[in-house]
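In this text, all values refer to a predicted model and were calculated from it rather than measured experimentally.
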Amino acid sequence: MRLVFAGTPEPAVPSLQRLIDSARHEVVAVVTRPDAVAGRGRKVMRSPVGRLADEHGIPVLTPHKPSEPDFVAALTELAPDCCPVVAYGALLPQLVLDIPVHGWVNLHFSLLPAWRGAAPVQAAVLAGDEITGASTFRIEAGLDTGPVYGVVTERIGLADTAGALLERLSHSGAHLLESTLDGIADGGVQAVPQSSEGISYAPKIEAAAGHIRWDQPALAINRRIRAVTPAPGAWTEIEGKRLKVGPVELVEDQLPPRAIEVRKSGVYVGTATTAVRLDQVQPQGKRMMRALDWARGARLEPGAVVE
């Protein structure tokens with residue numbers, strides 16, 4: 001089939017690469033978000049999906065809004081049979097959804113109807129789900145409500161961060177997306193309406209969601225930190241300075257909530273239940289480092305607490 005692929009961030013790259021390599025489909029163009037300022041140097045950069053398309057000489061469309069007349073005209077002229085989508089990052093109006101013969105097929109990183117929305121992987125980790133996965137479905141007007149073509153499942157490990165889990169799902173999901181498109185081309189796959197039960201939502205994760213509340217149980221703190229790692233990142237404040245915190249280790253030690261204690265074996269923080277041991281931390285303006293190295297240099301005041 002003639003495909004126009006829509007996607008933007010790194011997790012969409014494996015799907016685009018797999019479709020580029022496919023002998024059964026032709027990626028005739030790529031749609032991605034406009035170039036944006038990113039990185040420490042604050043340079044204007046192409047999206048990961050856009051860069052891969054450039055490497056393969058595939059035309060790249062970067063509308064600010066998919067409803068723009070020029071984009072609608074360009075997509076109509078391309079005459080795609082189907083438009084696969086992976087984390088594109090913009091809502092598609094009905095006049096655009098109607099252009100491809102087989103519609104727009106989205107790869108979503110959850111087992112729909114669970115965790116509809118922008119941050120399904122983070123939501124699954126935060127909720128303590130044991131199993132998650134990815135789904136392919138046909139996009140319609142509602143938020144991730146369209147009928148499902150297929151799913152793949154993935155177990156969430158006790159130490160999985162959202163980043164590690166999404167990395168795995170980006171590859172297994174790429175295989176699912178290709179298989180779904182093969183089935184659509186053959187006429188052998190049918191989309192099934194989503195269940196009306198088990199619906200949950202996963203809104204975009206904002207930076208404030210990474211603020212650690214040390215008055216919560218250790219298990220809940222552990223899940224929150226893993227859910228926002230690597231982005232937007234977990235953080236706390238100590239002696240008026242922000243400190244980014246990487247995944248922690250649950251231990252049996254007892255400390256008052258928010259109390260921080262430096263020992264030879266590591267840096268410990270009290271919670272509403274048992275303490276946690278910090279692993280990697282990042283002070284403002286510095287790189288990630290071992291928590292013990294940071295604590296030795298920080299020279300914390302006796303009785304210091306995290307906020």
### Message
Under 3.5 Å, is there a donor on one side chain and an acceptor on the other for Thr180 and Thr136?
### Response
yes

## Note on the structure
Contacts satisfying side chain to side chain donor-acceptor pair (under 3.5 Å) that involve residues 292-306 (not counting sequence neighbours) are Arg290-Asp293

### Message
Is the shortest side-chain heavy-atom distance between Pro283 and Leu243 below 4.5 Å?
### Response
yes

### Donor-acceptor side-chain pairing of Gln194 and Thr145 below 3.5 angstrom
no

### Query
Shortest non-hydrogen contact from Pro230 to Lys244?
O-NZ, 4.0 Å

### Task
List for me each residue that meets side-chain hydrogen bond (donor to acceptor under 3.5 Å, both in side chains) alongside Glu307, sequence neighbours excluded, and say none if there are none.
Arg258

### Message
Let me check something: do Leu255 and Val245 share a hydrophobic cluster, defined by ILVMFWY side-chain heavy atoms less than 4.5 Å apart, either directly or through other members?
### Response
no

### Atom CZ of Arg213: over 12 foreign heavy atoms under 6.0 Å
no

### Query
Can you find a pair of side-chain heavy atoms, one from Arg224 and one from Leu126, that are under 4.5 Å apart?
yes

### Query
Who passes salt bridge (Lys or Arg N to Asp or Glu O under 4.0 Å) against Glu237, sequence neighbours left out?
none

### Summary
Shortest non-hydrogen pair, Val189 vs Ile184, comes out as CG1-N, 3.2 Å

### Task
Measure up the Phe137 and His108 rings against each other and bin them: parallel (under 30°), tilted (30 to 60°), perpendicular (over 60°).
perpendicular

### Query
Is a side-chain N or O of Ser200 found less than 3.5 angstrom from the main chain of Ala114, in a donor-acceptor match?
no

### Message
Are Val269 and Leu278 packed together at the side-chain level, in the sense that at least one heavy-atom pair is separated by less than 4.5 angstrom?
### Response
yes

### Minimal non-hydrogen separation, Cys82 against Leu181, with atom names
SG-CD2, 3.7 Å

#### Entry: Heavy-atom side-chain proximity of Val86 to Pro11 below 4.5 angstrom
no

### Query
Within a strict 4.5 Å, meaning less than it, do heavy atoms of the Ile99 and Pro80 side chains meet?
yes

### Message
Using side-chain heavy atoms (C-beta onward) and a distance below 4.5 Å, is Glu178 in contact with Leu19?
### Response
yes

### Val96 side chain near Phe71 side chain, heavy-atom distance below 4.5 Å
yes

### Query
Is the backbone of Gly117 close enough, under 3.5 Å, to the side chain of Asp144 for a donor and an acceptor to pair up by distance?
yes

### Message
If you compare all heavy atoms of Ser110 against all heavy atoms of Thr132, which two are closest, and at what distance to 0.1 Å?
### Response
CA-OG1, 4.1 Å

### Query
Does Thr271 reach the main-chain N or O of Pro217 with its side chain, forming a donor-acceptor pair under 3.5 Å?
no

### Message
Applying side-chain hydrogen bond (donor to acceptor under 3.5 Å, both in side chains), can you list everything that pairs with Glu10, at least two apart in sequence or on another chain?
### Response
none

#### Entry: Gln17 side chain vs Asp21 backbone, donor-acceptor pair below 3.5 Å
no

### Task
Only counting residues at least two apart or in another chain, list the ones meeting side-chain hydrogen bond (donor to acceptor under 3.5 Å, both in side chains) with Asp186.
Arg24

### Message
I'd like to know whether Arg46 forms a salt bridge (Lys or Arg N to Asp or Glu O under 4.0 Å) with Asp35, so could you lay out the CA-CA distance, the side-chain angles of the two residues, the decisive distance to 0.1 Å, and finally the verdict.
### Response
CA-CA 5 Å; Arg46 183 78 107 179; Asp35 297 356; 3.6 Å; yes

### Task
Find out whether Thr32 and Thr62 are in side-chain contact, i.e. whether some heavy atom of one side chain is under 4.5 Å from a heavy atom of the other.
yes

### Query
For Asn222, what residues pass the side-chain hydrogen bond (donor to acceptor under 3.5 Å, both in side chains) criterion, not counting sequence neighbours?
none

